[in-house]
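Contents: one structure, followed by commentary.
These numbers were taken from a predicted model, which means no experiment stands behind them. Just so we're on the same page: letters track the sequence lines, and every chain starts at 1.
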Amino acid sequence: MRLSQMLFQTMRQASTDIMLPGYQYLQRGGFVRSVSGGAYVFLPLGVQVRRQLQRVLAHLMEEWGGQEIGLPALQPLEVIEGQAEVTFPDWAAPLQHAVSCGGEGYRTWTLPSSHEQLMLALARNIIQSYRQLPVLLYLFWQAPEPAMRTALGLLAGRESMVLDAYSFHSDEADRNTLCQSILTSWADLAERADMPVHRVIADLDDEASRLIWPWRDGDHSFLICDACRWACDQAIAPVRKPVPPAEAAQPLREVATPDCKTIAALCSWLRIPPSRTAKSLFLVAEEGGAVKRHVIAVVRGDTELSVIKLKRLLGMSGLRPATEEEIRTLGAEPGYGSPVGISAAEVVVDQLVVHSSNLVAGANRAGYHLLNVNYGRDYQATYTADIAMAQAGDLCPSCATPLQLEHGIELGIVGGLRPEIMQAHHVIYLDPSGIPQPVMLGRHRFYMDRFIAATGETHHDAMGLIWPTFLAPYDVYLMTLGRPSSPVSEVADTLYTELHNAGVRVLYDDRDERAGVKFYDADLIGLPLRVVIGERDVAEGMVEVKRRCSGEVVKVAIPDVVTWVKGAL
RNA sequence: CGGGGUGUGGCGCAGUCGGCGAGCGCGCUGCGUUUGGGACGCAGAGGUCGUCGGUUCAAGUCCGACCACCCCGACCA
């Protein structure tokens, strides 16, 4: 590619909306441009980076026998109904009512962030026999990301180019093996880019795992064990704390607690630790805007509720805090609530509360709490379960070492759907004995734009980006010095052709610019090699080659350049 | 959710005690001089001053609402 032909412009100063060095270089170098919070234009140079990554990912997919397919971005509302049930637990619901096409007033089109429901329908139609399994389908597309944080730039954009893959298997073990293999190959890819990554459990039931790039400001929280490397999403990690010493149940007693509407206030008033309190959360489960169930979730005061755990337990996707009126309707008192004496709601009690005696809980009377509240004696539960959020310092489920809380950016996720769901959607095949069996579905996603952005944050210096070779938009920055008409141009033109014919991807800076401009741009863009054709060297039959990563500069005889470059990449 | 800040050509900013033609740097166009680490001169193009409403003879400037983005905080029952 000749730079003079390319839509390309570098900037001395990038937009200051997000102060991340890698992101700034991506903008300054003419890779991407921000449209408005969370939406990005990929300029030709940025598209080349995407293309490199896409090539590698497609190659991996083909190695597993994958076949590329094309899927629609817009889907009718009826197709994606129930989507929440089949996406990963923390994925946002599809963007409802995104589009309604004129002339079809009765039909609402949506822009869902994945294609699970569609793939189930496809599998139902196409897969009938065990002979067709396994199948791996994949596609690249720009997926909407409702749960974005624009402050992270490309690391969490409103949409991201992704690789989505769906695999269909006859048995679960086969599927799980592929999931892990895919995740391993992605982890290897990150390693090739010198990026540390963790494999983090995303779902204990579905064998889902994420690829997380640890980064202090990341929006994904996970717990990791330094001893055995077990790692899990914070929202679903099983809580394991030291069991409190057993105590004899003391008599229930009401105590005045003025202005103690929060656990913190209550604890300082009574001079007790939060672990001696029970926190009651009043929630409402809704479906289609209609109130379905009132739920009181009880967790110990030193923990927080994991909404995801509770949603899964209840099988409800819509759960919101109750309003004060709704709380009073149940006979409880906001700020002083507890399930004691309340009968009109389902009660879900966290396991820790079950095993903790003589806790302080709300008296359902403004300004009063109850001392020595004990589960079983003073109130009952519809369910008891682990519904609390795990915290740093909790014990590793596999080796009991205290866990660390870390943050990161999710680069990929693999997982499956439970057989019951496949049954429910009638996605079945006939096994060799003619018996209907549920098809096992695996779904896998790799966030390409985040990966590119993370690489940018990881690989740069004071002058600009430093791409790993496999991701670099081009291999070589070939540039001339002096006037375009002078003899160096002939040498450069020849080298450009020779390198190109040798399969080297060359970005040829043939612009009529001063040397300094070209040098600065070369450093900013960060291609692995820079080849400089200057009058002085050419007179001696040489050109100068520089490695971007090390800064090493060598002179190479013109006839040897192609060989040298190929060896250096 | 709370607090603070910002919004003016493609990018970075100034202008904000209301008052002639809305400016500067970078970038862009043309001509000339330059040419091994972001050159210089001259001449140009380019702006609904976030949106809507209000006050006024007069609003980028004052008032109100809204929107968007950034930073910090906290986050709860």
Side-chain angles (χ1 to χ4, degrees), chain A residues 7-20 23-24 27-30 32-39 41 43 148-153 158 217 260-266 274 277-284 294-305 307 310 319-324 326-328 330 332-339 345 361-362 364 369 388-389 462-464 477 479-486 488-489 509 511-525 530-539 542-544 546 551 553 555:
Chain A
L7 180 66
F8 168 81
Q9 187 175 61
T10 54
M11 293 185 285
R12 293 202 187 196
Q13 245 180 324
S15 141
T16 53
D17 57 349
I18 294 157
M19 298 307 285
L20 297 174
Y23 174 78
Q24 293 274 310
Q27 291 211 74
R28 286 185 48 201
V32 300
R33 197 155 291 196
S34 136
V35 177
S36 76
V41 172
L43 297 169
M148 49 79 210
R149 271 187 62 199
T150 52
L152 297 180
R158 217 174 280 274
D217 295 324
C260 291
K261 285 194 156 193
T262 67
I263 295 293
L266 180 65
T277 66
K279 187 156 65 172
S280 301
L281 288 64
F282 291 76
L283 302 161
V284 172
H294 286 272
V295 178
I296 304 177
V298 184
V299 298
R300 225 167 59 177
D302 58 333
T303 63
E304 283 176 39
L305 174 71
V307 177
L310 185 59
L319 206 57
R320 62 163 173 85
T323 62
E324 298 212 342
E326 285 167 331
I327 294 174
R328 293 205 171 87
L330 294 176
E333 175 63 30
Y336 300 92
S338 79
N364 290 324
H369 277 81
M389 187 94 83
M463 296 302 289
Y477 192 96
M479 56 175 271
T480 57
L481 296 172
R483 318 194 54 172
S485 55
S486 70
V488 297
S489 292
D509 190 349
R511 296 174 299 172
D512 183 13
E513 285 289 354
R514 298 174 64 85
V517 173
K518 296 186 179 185
F519 283 129
Y520 273 92
D521 283 348
D523 289 336
L524 180 59
I525 294 172
R530 186 188 75 190
V531 176
V532 178
I533 320 287
E535 212 167 330
R536 283 194 321 234
D537 292 331
V538 166
M542 310 290 272
V543 299
E544 179 192 289
K546 179 183 173 188
V553 178
K555 302 252 194 253

If you look at every strand shown and take non-hydrogen atoms under 4.0 Å, does Lys261(A) touch a base, only sugar-phosphate, or nothing? sugar-phosphate
Closest-nucleotide mapping onto RNA chain B: is Ser280(A) or Gly516(A) further toward the 5' terminus? I mean the 5' end. Gly516(A)
N/O donor-acceptor pair, side chain Arg483(A) with base G36(B), under 3.5 angstrom: no
Give a yes/no answer on whether the side chain of Arg514(A) brings an N or O atom under 4.0 Å of OP1 or OP2 in A39(B). yes
In Watson-Crick or G-U wobble terms, both distances under 3.5 Å, what is the partner of G37(B)? none
U16(B) - base-pair partner by Watson-Crick or wobble geometry, distances under 3.5 Å: none
The residue, Asp521(A) or Pro321(A), whose nearest nucleotide of RNA chain B is more 5′ is Asp521(A)
Provide the distance between the two C1' atoms, one in G36(B) and one in C24(B), to the nearest whole Å. 32 Å
Distance between P atoms of G32(B) and C69(B) (Å, rounded): 48 Å
Using a heavy-atom cut-off of under 4.0 Å over every strand shown, decide if Ala322(A) touches base, sugar-phosphate, or nothing. nothing
Looking for any heavy atom pair under 4.0 Å, which part of the strands does Met479(A) touch: base, sugar-phosphate only, or nothing? nothing
Under-3.5 Å donor-acceptor pair between Glu544(A) side chain and G36(B) base: yes
Determine whether any donor atom in the side chain of Glu304(A) lies under 3.5 Å from an acceptor atom in the base of C76(B), or the reverse, and answer yes or no. yes
G-U wobble or Watson-Crick pairing nucleotide for C69(B) (cut-off 3.5 Å, both distances): G5(B)
Nucleotide paired to G44(B) in any strand shown, Watson-Crick or G-U, under 3.5 Å: C28(B)
When all nucleic acid strands are considered with a 4.0 Å heavy-atom cut-off, which category describes Arg530(A): base, sugar-phosphate, or nothing? base
Which part of the nucleic acid, if any, lies within reach of Ile263(A) when heavy atoms closer than 4.0 Å are counted: base, sugar-phosphate only, or nothing? sugar-phosphate
So, Phe282(A) versus His294(A), ring centres under 6.0 angstrom or not? no
Here's a test for you: under side chain to side chain contact (heavy atoms under 4.5 Å, CB included), which of Thr277(A), Leu281(A), Leu310(A) qualifies with Val299(A)? Leu281(A)
